[in-house]
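Below is one structure, written out as structure tokens, with a few remarks after it.
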Amino acid sequence: MIVLDEQLLGRGLERDIAQWYRGTVQFITDLRPHTIIKDEAIPALLRQRSQPTFVTINDRDFWRRVATDQRYCIVCFVLSDARAREIPSALRALFRRPEFRTKAQRMGKVIRATNDDMHYYAFGDSQVRSIPLTAQ
């Protein structure tokens, strides 16, 4: 399951991701309809689902601010709002990486992806690891 942050609504990203992703693609607002969802409530909502990957461009509020949990993955793309349309291809490229290819490999990680590299920290290990994009 891929869960998109509400700031990504109205761009057709869910449709573009669903073209290649076999699981469910939905927005965080679908997990608790008709309510305001604060960023700090998102981890609790994710824990109620089966192995979701939460995708956001709000790295300021998630990267190094949210605790890891073996039941979910958080991916923070460092993209401006104007570049959010790049998320489907960037997410697909991330899922093709050996480190994140399967759900089991992604769960428990918070990932921050920039144009140049990726960083992540994992459940039970607060050390930030770096992966250059040129390495495949």
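In this text the structure is predicted, and so the values were computed from the model without any measurement. Counting begins at 1 with the first residue of the sequence.
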Kindly indicate whether the side chain of [X], heavy atoms from C-beta on, has any atom under 4.5 Å from the side chain of [Y].
X	Y	value
I74	L46	yes
I2	F95	yes
C73	I111	yes
Q48	L31	no
I131	R97	yes
M1	V3	yes

Ring pair (Phe, Tyr, Trp, His ring centres under 6.0 Å) filter on F54, not counting sequence neighbours, yields F62
Sequence neighbours excluded, the answer for ring pair (Phe, Tyr, Trp, His ring centres under 6.0 Å) partners of Y120 is F100
With sequence neighbours excluded, tell me which residues meet side-chain hydrogen bond (donor to acceptor under 3.5 Å, both in side chains) with [X].
X	result
S130	H119
Q70	none
R11	D81
S80	none

Counting distance only, does the side-chain N/O of R101 pair as donor-acceptor with the main-chain N or O of R96 below 3.5 Å? yes
In short, side-chain hydrogen bond (donor to acceptor under 3.5 Å, both in side chains) pairs touching residues 18-34 with sequence neighbours left out are R32-T35
Here the side-chain hydrogen bond (donor to acceptor under 3.5 Å, both in side chains) pairs for residues 52-67, sequence neighbours left out, are D5-T56, Q7-T56, D39-N58, N58-D61, D59-R112
Please tell me whether [X] and [Y] are part of a single hydrophobic cluster in this structure, the criterion being side-chain heavy atoms less than 4.5 Å apart.
X	Y	value
L4	L45	no
Y121	M118	no
F77	V128	no

Residue list, salt bridge (Lys or Arg N to Asp or Glu O under 4.0 Å) with [X], at least two apart or on another chain:
X	result
R85	D16
E86	R83
D125	R129
R49	none

| Would you call K38 and E40 a salt bridge, taking side-chain N to carboxylate O under 4.0 Å as the test? | no
Within 45° cone and under 6.0 Å: R47 NZ/CZ vs Y72 ring: no
